[in-house]
Amino acid sequence: MINIEVLNLGPMDNCTYLVTKGTDALLIDPAWDMNFIIHTLETKKLTLHGVLFTHGHFDHVKYAQTLLEHYKAPAYLEAHDVALAGLPVGFLHTYCGDQQFKLGPFDIKILTTPGHTAGCVCIQIEDALFTGDTLFPGACGRVDLPSSDPRAMLASLRRIAALPEDIRIFAGHSYGGRCSSTVADEKLHNPFMRNALRWENR
Ligand SMILES: [Zn+2]
């Protein structure tokens, strides 16, 4: 069973997630305050097995290079967002499309969910889904940015809605102080997801 700790860092309410199982760790979207993140890993005596990015926007990757250099940990980013992220290619394991792989004791499932950017993914580990800027509690990410695609967002929201209802959702920002939810709650209360599901039938 994984443990999930949310680190609220940076000026834009970003959520970096520290996922652990015993002393094994993964980081999702580490972008800000690398001193704090490295200090946290060291204090807890954690072994970092890898870094996963939900997409390439600067507020999800900005200072990650420091961390990657420090730990020489593999970092995963979908190919469509590599140019956007501007991280040195040497650190990156780029991939295209859905993936399944293991990092340390963690079974990782990558679901491609384009719409906010072309390379947006959701990262599933056990019953937790890290949705980045694709899905927030009660909202979805902006679709008016370079490489955004509103129609792809609708399909991505339907894709998340089709997952088991007890999947826990952890979003890329804590807008309004909230960053977590469940698939069931979003299907009931998220107007964007509900709209996407309505359009499916037309
Ligand atoms: Zn974004």
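Indexing begins at 1, ligand by ligand and atom by atom, following the structure's order.
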*Quick one: report the N, O or S atom of Asp133 that is nearest to the Zn ion (ligand 1).*
OD2
*Heavy-atom side-chain proximity of Glu69 to Met34 below 4.5 angstrom*: no
*So His60 and His55, would you call those rings parallel, tilted or perpendicular, with 30° and 60° as cut-offs?*
tilted
*asked:* Just to verify, which of Ile108, Leu18, Leu46, Val51 counts as forming a side-chain contact (heavy atoms from CB on, under 4.5 Å) with Leu26?
replied: Ile108
*asked:* Under 2.8 Å from the Zn ion (ligand 1), is there any N, O or S atom belonging to His60?
replied: no
*Report the name of the N/O/S atom of His57 located nearest to the Zn ion (ligand 1).*
ND1
*With no hydrogens and no angle check, do the side chains of Asp98 and Thr112 hold a donor and an acceptor under 3.5 Å apart?*
yes
*Check whether any N, O or S atom of Cys120, backbone or side chain, sits closer than 2.8 Å to the Zn ion (ligand 1).*
no
*Residue His116 atom name (nearest to the Zn ion (ligand 1); N/O/S)*: NE2
*How about Asp29 and Asn14: do any of their side-chain heavy atoms sit closer than 4.5 Å?*
no
